Amino acid sequence: MEQLLQQIEDIKKEITDAEAANAAALEEFRIKYLGTKGLVKQIMGEMKNVPNEQKKEFGQILNAFKIVAEEKFAALQAGLGDSAEAETGMDFSLPGDPTPVGTRHPLNLVRNQMVSIFKRLGFAVAEGPEIEDDWHNFGAMNLPEDHPARDMQDTFYVEEKTADHSAWLLRTHTSSTQARVMESQKPPIRVICPGRVYRNETISARAHCFFHQVEGLYIDENVSFADLKQTLYFFVQEMFGKEVKVRFRPSYFPFTEPSAEMDISCQICAGKGCNICKHTGWVEILGSGMVHPKVLENFGIDPEKYTGFAFGMGVERIAQLKYQVNDLRLYSQNDVRFLQQFKSV
Ligand code: PHE
């Protein structure tokens, strides 16, 4: 008798501590304690060995024991609720098969970042065709046909000049998009023109026959060279951090006057001198200048009333300084080992 009571107490404790994480565990509990061959039934079977005068008292103990098991079962069942896991008996917390997720192309990451910085300054994005006519790429930009500066940009011609239209070519800069904006909009104009451009260069680590630019144009009354400097200084600080230094060098572009190239302190060696900055501590990142009055006139914009600045830079160059990629060819070889190293910024 003593032994039996102890056994009941032990099983009760086991039942109280029992847990069921899913439907399968719950069913296991039911079979073990409440099933036809379960422990509750087995203990009930002991009734016949209990002396008559103790049968009443023992019956009550047994009943209470059975109720403990049943209530625990109900509680475990309620705990599982009607979740998918309880219904199916599957463990949904197990990790799934990994799904490979692609990454953005480094040039897109950098381009997006560049665009978002200029957008915050109020620049709108303008896009134009990659196959252009001579006028939008060159003529309107103050590069008449015999202009020697055309040699600065070795051009891919799609079709030679014919009687009914001037030559078609692959745009050599996105200034052609700026031309299209000036053609269709009145000042104030504040746009950036991201896009792919083409030049007939032999492919090497340092040159490619296509690359990407972000050019900008701002035309309004009283736009000055100080505005140009501050805009570009803000841009590089946002892109590379507040520590970056800038310097402007006089330069020449047919469509701007005066013109300047902007250098920044080398982001690779922090000015100490390395291969990228050719041991000068400075790297050139863009061309810029005040829009030439002839260009404004070409689009019927009065140069007496309006002034503007323009700039153009290569996305590959910015990406090179940001990610230390030293071979331009990597950007277009589609090698996944290269591409998957770039996570969103
Ligand atoms: N279009 C020039 C280039 O492709 C860059 C530039 C743009 C320079 C605007 C000055 C002003 O090299």
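Quick caveat, the model's predicted, so the values are computed rather than measured. One-based numbering, in listed order, for ligands and for the atoms of each.
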Touching ligand 1 at all, [X]? Heavy atoms, strictly under 4.0 Å?
X      : answer
Met141 : no
Phe255 : yes
Arg199 : yes

Could you tell me whether Phe311 approaches ligand 1 through its side chain, its backbone, both or neither, with non-hydrogen atoms closer than 4.0 Å?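 It is the backbone that gets close, since no side chain atom is under 4.0 Å.
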
At a non-hydrogen distance cut-off of under 4.0 Å, which region of Met313 contacts ligand 1 (side chain, backbone, both, or neither)?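 Within the 4.0 Å criterion, Met313 makes no contact with ligand 1.
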
Give the numbers and elements of all ligand 1 atoms closer than 4.0 Å to a heavy atom of [X].
X      : value
Phe253 : 8 (C), 10 (C)
Ala310 : 9 (C), 11 (C)
Thr256 : 11 (C)
Ser288 : 8 (C), 10 (C), 11 (C)

Of the listed options (Met290, Glu215, His173, Arg171), which comes nearest to atom 5 (C) of ligand 1 when hydrogens are ignored and any heavy atom counts?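 Comparing heavy atoms across Met290, Glu215, His173, Arg171, the nearest one to atom 5 (C) of ligand 1 lies in Glu215.
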
Which is closest to atom 4 (O) of ligand 1 by heavy-atom distance: His292, Glu261, Gln178, Gln213?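 Closest candidate by heavy-atom distance is Gln213.
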
By the definition salt bridge (Lys or Arg N to Asp or Glu O under 4.0 Å), identify the one residue from Lys245, Arg247, Lys278, Arg317 that meets it with Asp263.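 Going through the options one by one, the only one that passes is Arg247.
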
Are Asn200 and Thr155 close enough that a side-chain donor and a side-chain acceptor fall under 3.5 Å?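 There is no such pair between these side chains.
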
Pair listing, ring pair (Phe, Tyr, Trp, His ring centres under 6.0 Å) test, anchored in residues 28-53, at least two apart: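 Listed once each, the pairs are Phe29-Tyr33.
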
For the pair Tyr252 and His147, name the ring-plane relationship: parallel under 30°, tilted 30 to 60°, perpendicular over 60°.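 Ring orientation of Tyr252 relative to His147: parallel.
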
Mind checking ring-ring contact (aromatic ring centres under 6.0 Å, His included) for Phe118 and listing every partner two or more places apart, or none if nothing turns up?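 For Phe118 the ring-ring contact (aromatic ring centres under 6.0 Å, His included) partners, ignoring immediate neighbours, are Phe123, Phe235, Phe311.
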
